[in-house]
**Student:** 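Here's a structure for you.
Note that this is a predicted model, so its numbers are computed, not measured.
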Amino acid sequence: MADSDVGAARGAYGSGGGGRRSARAVTVAAAGVLATATLAVGCGPQDPGADALRQPPARATTAPPAPSPSPSPTDDGKGATGDVTPPASPSVLPPASPSAPPTGPVTAPPPTARPSTAPPPPRVLLRTGSEGAQVRELQARLRQIGHFGRNPTGYYGTVTAEAVRSFQAKRGTEATGATDAVTWRKLLAMTRTPTADELDPPTERPVAEPDRRCLTGRVLCISKKSRTLAWMIDGRVVSAMDVRFGSEYTPTREGEFPVFWKSRDHVSTLYDTPMPYALFFSGGQAVHYSADFAADGYGGASHGCVNVRDKAKVAALFDQVKNGDKVVIYW
């Protein structure tokens, strides 16, 4: 304690009253100074005595509190009277009344999550990009009730998605264009099992009268007028399929050509486009499967090749045709 602190203590309590009383007064004053200094810096010793010195007195309400019979924390244990309790530091506030509102921000408890009552969306069975027998059946059933205006191809493209969307909108379900379990059940209830001809019709258009060059040997007989390809052996049609050709800027060549190269998983190096089951007959032109043709129909055109949109049929054709077989393209 500084000398000035000791002097202040003596001035407050006087120098009379005996050595013991004076010592107690000095002790009390020193404790008050220590408490004030300790609270001013915000931390203090971690012992019960120091904690007691930091506690502020209770604020008087209607009447001064009665003297406590218990000794002050600064007593010497004999319960002497006349001791003065050190004043509380001005910076120390009394404890808040139990009814007083909280001084800090009130954090609301997190909301309790409520279990969802909405049913899960129906499972999607088929969507754009799907392929196979079930897609072919979907297309055939949609065609039965007037929502699909072409032959089944087994490929779920934009045309099929639009047909499904039309069916869904008319039946009051969400028109997503994807075939979910609810859509499929409704379609089954409204249609019958497709026949073999409905699932796999020869062509969308009638096969044209074959060119005379197609009547002998093994020939891919391709008519630009009917937009059909007939695989013929000695004048007999083995299989037929729809085809499309190049645009006016990239026309498909006409004439008679031999098949000179077969490439099952071909990819165009010029256009970086898949050309599965390619049967090359003139330079870079070939008969091959086209996913774009399967999806969008005759709305587009090739870069000169003969596109087939039925993957199963062109795959079977690829396995039967040999190098050297003829390709005849005519009007």
Side-chain angles (χ1 to χ4, degrees), residues 120-205 207 227-229 231 239-244 264-267 273-279 287-302 305-320:
R123 182 169 60 95
V124 174
L125 306 176
L126 300 167
R127 56 166 56 89
T128 300
S130 299
E131 295 183 80
Q134 191 173 8
V135 176
R136 190 179 290 272
E137 181 181 352
L138 169 72
Q139 293 166 335
R141 287 180 180 273
L142 288 170
R143 188 173 189 181
Q144 288 178 9
I145 55 177
H147 285 279
F148 191 74
R150 58 188 59 189
N151 286 348
T153 63
Y155 182 84
Y156 204 121
T158 56
V159 174
T160 304
E162 187 57 40
V164 172
R165 190 176 292 109
S166 170
F167 173 80
Q168 291 169 327
K170 192 170 183 178
R171 299 308 179 279
T173 60
E174 186 179 3
T176 63
T179 303
D180 54 44
V182 173
T183 302
W184 183 249
R185 284 196 299 268
K186 289 189 175 186
L187 185 60
L188 291 180
M190 297 181 61
T191 57
R192 53 178 170 74
T193 302
T195 65
D197 284 343
E198 287 176 322
L199 289 171
D200 193 19
T203 57
E204 187 171 307
R205 297 166 178 259
V207 177
R227 295 189 288 192
T228 58
L229 181 156
W231 166 231
S239 64
M241 55 205 75
D242 297 320
V243 293
R244 76 176 181 183
R264 184 179 296 273
D265 299 308
H266 192 79
V267 177
T273 303
M275 298 170 55
Y277 308 108
L279 302 167
V287 175
H288 67 84
Y289 170 72
S290 168
D292 179 71
F293 182 29
D296 298 331
Y298 289 101
S302 74
C305 290
V306 178
N307 290 164
V308 181
R309 66 181 176 187
D310 192 315
K311 193 173 186 178
K313 285 185 176 182
V314 74
L317 179 68
F318 182 88
D319 291 337
Q320 296 173 46

**Student:** Any side-chain heavy atom of I145 within less than 4.5 Å of one from F167?
**Tutor:** yes
**Student:** Return each pair, listed once, that meets ring pair (Phe, Tyr, Trp, His ring centres under 6.0 Å) where at least one residue sits in residues 180-205; pairs must be two or more places apart or across chains.
**Tutor:** none
**Student:** Using ring pair (Phe, Tyr, Trp, His ring centres under 6.0 Å) as the criterion, list what pairs up with Y155, not counting sequence neighbours.
**Tutor:** none
**Student:** For side chain to side chain contact (heavy atoms under 4.5 Å, CB included), just list the numbers for V308 and Y277, CA-CA rounded to whole Å, side-chain angles, deciding distance to a tenth of an Å, and then say yes or no.
**Tutor:** CA-CA 10 Å; V308 181; Y277 308 108; over 6 Å; no
**Student:** Taking all heavy atoms of A278 and all of F318, pick out the closest pair and write down the distance.
**Tutor:** O-CE1, 3.5 Å
**Student:** Would you call K313 and S239 a side-chain contact if the rule is heavy atoms closer than 4.5 Å?
**Tutor:** no
**Student:** Short question: side chain of T183, backbone of T179 - any donor-acceptor pair under 3.5 Å?
**Tutor:** no
**Student:** Minimum heavy-atom separation for A295 to G157, with atom names?
**Tutor:** CB-CA, 3.6 Å
**Student:** Looking at residues at least two apart in the chain, or sitting in another chain, which of them share a salt bridge (charged side-chain N to carboxylate O under 4.0 Å, His left out) with R309?
**Tutor:** E204, D242
**Student:** Quick one: list whatever passes side chain to side chain contact (heavy atoms under 4.5 Å, CB included) with S166, sequence neighbours left out.
**Tutor:** H147
**Student:** Which pairs with one or both residues in residues 184-194 pass salt bridge (Lys or Arg N to Asp or Glu O under 4.0 Å), sequence neighbours excluded?
**Tutor:** R192-E198
**Student:** Not counting sequence neighbours, which residues clear side chain to side chain contact (heavy atoms under 4.5 Å, CB included) with V207? List them please.
**Tutor:** T203, T228, A230, A240
**Student:** Under the rule for salt bridge (charged side-chain N to carboxylate O under 4.0 Å, His left out), what residues qualify as partners of D319, not counting sequence neighbours?
**Tutor:** R264
**Student:** Go through the structure and list residues passing side chain to side chain contact (heavy atoms under 4.5 Å, CB included) with V306, not counting sequence neighbours.
**Tutor:** I222, V243, F245, T252, F281, V287, I329
**Student:** Test your reading of the model: is there a side-chain donor-acceptor pair from Q139 to the backbone of T160, 3.5 Å cut-off?
**Tutor:** no
**Student:** Sequence neighbours left out, what passes salt bridge (charged side-chain N to carboxylate O under 4.0 Å, His left out) with E162? Give chain and number order.
**Tutor:** R165
**Student:** Residues two or more places apart in sequence or in another chain: which of them pass side chain to side chain contact (heavy atoms under 4.5 Å, CB included) with R136?
**Tutor:** P152, L199, D200, D310, A312
**Student:** Can you pull out every side chain to side chain donor-acceptor pair (under 3.5 Å) where at least one residue sits in residues 287-300? Sequence neighbours excluded, please.
**Tutor:** T158-D296, R244-D292, H288-N307
**Student:** Atom CG of N151 and atom CZ of R143: how far apart are they, to the nearest 0.5 Å?
**Tutor:** 4.5 Å
**Student:** Looking at Q320, I'd like to know if its CD atom is crowded, meaning that more than 12 non-hydrogen atoms belonging to other residues, nucleotides or ligands lie closer than 6.0 Å.
**Tutor:** yes
**Student:** I would like to know whether L188 and R141 meet side chain to side chain contact (heavy atoms under 4.5 Å, CB included); could you show each step before the answer?
**Tutor:** CA-CA 8 Å; L188 291 180; R141 287 180 180 273; 3.4 Å; yes
**Student:** Can a donor-acceptor pair be found, under 3.5 Å and without considering hydrogens, that links the side chain of Q168 to the backbone of G177?
**Tutor:** yes
**Student:** Distance-only criterion, 3.5 Å: show the donor-acceptor pairs between side-chain atoms of residues 122-135 and protein atoms not counting sequence neighbours.
**Tutor:**
residue, atom, partner, partner atom, Å
S130, OG, R127, N, 3.1
S130, OG, R127, O, 2.9
E131, OE1, K311, NZ, 3.4

**Student:** Return the CE to CG distance between M241 and L317, rounded to the nearest 0.5 Å.
**Tutor:** 5.0 Å
**Student:** Taking all heavy atoms of A163 and all of L142, pick out the closest pair and write down the distance.
**Tutor:** CB-CD1, 4.1 Å
